[in-house]
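The next block holds one structure in the form of structure tokens; read it before the comments.
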Amino acid sequence: MIAAIHLSGDLQVWIGALLTLMVFSFLWRDNPFYKFAEHVFVGVSAAYWMVMGFWTTLWPALVLKLFPAAGRWSSPEAPVGAWDPVALIPAALGLLMLARLWPRLAWLGKWPTAFALGTTAGYSLVRYLRSDFLYQIEATIGTGLAPTSAGRWLWQESLAQLLVLAGTVSGLIYFVNTREQRGAYGRVARWGLLVLMITFGASFGSAVMGRVALLVGRFQELLGPWLGIL
Amino acid sequence: MRGLGDFGLIVSLSAGQPGLKEWILYAGDVLDVPLAGGCTGVGAPQFFPYYPLQILGLMSALKGAAEYEAALARGHPEFTAANQAATRGMGPQSAAHLVIVAFILLGNAGLVLRRLARRRSP
């Protein structure tokens, strides 16, 4: 028995449903409806990030520091801050970035680019070294191979720790190319390759699961709020 | 409350960048603020290594949301959402997974049969 259809009267639901169908139409072949939805998506995304960039970065970090009184326009109740001349430096670097629009002055744009790359690299190096290297080593071997709790040996955690350690070491050995992978050394490297394959498989499976969840979400929107079947 | 370090817990529900990764790098690990997160299935594998040392928990994709709903219903029934949207979504999700598994098996069976046929042919 097919449930009765109750079409939504909400314009927002209709726009979402029609754009979803336009994107799905690509399964048939490339067509003007798909192109329209694609262009709308790109345009809306660009506009959204531009507005977000202005209100979350440019406005508080630059405009309000150079023109504190402007804060009254966006937040009448908020206290007016002090003028911060240091903000002139990022303002100048930002203007230099725009010099790339004129070929004769484009070389000026290299300075803010170099500054941004250098500071980002230096700042991120410390963060990544701590979070993705030191803490990961600690997580791999930190609790030891035989963790206990209240004097009781936790055999499941021990097995998991052993697997993680063995997988990490064998995975690293697989990438050592200065020694021929033969004999026992080769078997460890092949085990490392197997661990890598399982990891990539799990990663791919998770990605597929995520995409299917998105599809399920779109169908729930189409069949629920739009058609009123669910 | 003067900064991020004064927070008792940070929960990041995000997809893409900036997202949970940035909260781990620039908040949780630096300020020792407890951190938990929810993310898309595509992004989940990159966060698994951070559990349990750097994040308290991870709610990944629809499956994670359904698990969260089940845990909430068991531990705090008063906060249980009436529609159970994620749990309801797991039905079609599981059916889609079975279809994908069936296609993988069919594809591999076809490959094996083609190889066998090639060996038999002179």
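Here is how names work: the chains are called A, B, and so on, in the same order as the sequence lines, proteins then strands, and each is numbered from 1.
- Residues of residues 50-64 of chain B that come closer than 4.5 Å to chain A, counting heavy atoms only, are Tyr50(B), Leu53(B), Gln54(B), Ala61(B), Leu62(B), Lys63(B), ordered by residue number.
- Both the backbone and the side chain of Val212(A) come within contact range of chain B, judged by heavy atoms closer than 4.5 Å.
- Ranked by heavy-atom pairs under 4.5 Å with chain B, the list Arg127(A), Gln220(A), Arg211(A) is led by Arg127(A).
- Interface remark: Ala85(B) contributes backbone atoms only to the contact with chain A (heavy atom separation under 4.5 Å).
- Of the two parts of Ser124(A), the backbone and the side chain both hold a non-hydrogen atom closer than 4.5 Å to a non-hydrogen atom of chain B.
- Only the side chain of Val208(A) comes within less than 4.5 Å of a heavy atom in chain B; its backbone stays farther off.
- Using a 4.5 Å cut-off between non-hydrogen atoms, the part of residues 35-43 of chain B that approaches chain A consists of Gly41(B), Val42(B).
- Residues Leu222(A) and Leu21(A) are in side-chain contact: their nearest non-hydrogen atoms beyond the backbone lie under 4.5 Å apart.
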message: Between Phe36(A) and Phe41(A), does the ring-ring contact (aromatic ring centres under 6.0 Å, His included) criterion hold? Intermediate values first, please.
response: CA-CA 9 Å; Phe36(A) 174 76; Phe41(A) 178 75; over 10 Å; no

Stepwise side-chain contact (heavy atoms from CB on, under 4.5 Å) check, Met1(B) with Phe7(B): CA-CA 8 Å; Met1(B) 188 75 69; Phe7(B) 278 82; 4.0 Å; yes

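- Per-residue heavy-atom pair counts under 4.5 Å with chain B were compared for Asp132(A), Val126(A), Leu215(A), and the maximum is reached by Asp132(A).
- With contacts defined as side-chain heavy-atom distances shorter than 4.5 Å, the pair Trp23(B)/Leu4(B) qualifies.
- Counting heavy-atom neighbours within 6.0 Å of Phe47(B) CZ, excluding the residue itself, gives a total above 12.
- Within a 6.0 Å sphere centred on NE2 of His39(A), heavy atoms belonging to other residues, nucleotides or ligands number more than 12.
- Looking at Leu13(B) and Val11(B), their side chains come closer than 4.5 Å, going by heavy atoms from C-beta outward.
- Using a 4.5 Å heavy-atom cut-off against chain B, no residue of residues 42-63 of chain A qualifies as contacting.
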message: Please evaluate residues Tyr128(A) and Leu134(A) with respect to the criterion side-chain contact (heavy atoms from CB on, under 4.5 Å), reporting the C-alpha separation (whole Å), side-chain torsions for both, the decisive distance (0.1 Å), and the verdict.
response: CA-CA 9 Å; Tyr128(A) 277 90; Leu134(A) 297 176; over 6 Å; no

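- Partner of Phe24(A) under the ring-ring contact (aromatic ring centres under 6.0 Å, His included) criterion, chosen from Phe33(A), Tyr34(A), Phe219(A): Phe219(A).
- Taking non-hydrogen atoms and a 4.5 Å limit, the residue list of residues 113-122 of chain A in contact with chain B is empty.
- Side chains of His6(A) and Leu227(A) form no contact here, defined as non-hydrogen atoms less than 4.5 Å apart.
- Between chain A and the options Pro49(B), Ala96(B), Ala44(B), the largest number of non-hydrogen pairs under 4.5 Å is found for Pro49(B).
- Two residues are said to be in side-chain contact when any heavy atoms from C-beta on lie closer than 4.5 Å; Asp10(A) and Trp226(A) fail this criterion.
- No donor-acceptor pair closer than 3.5 Å links the side chain of Asp29(B) to the backbone N or O of Leu25(B).
- Remark: the Ser8(A) side chain and the Trp14(A) side chain contain no N/O donor-acceptor pair separated by less than 3.5 Å.
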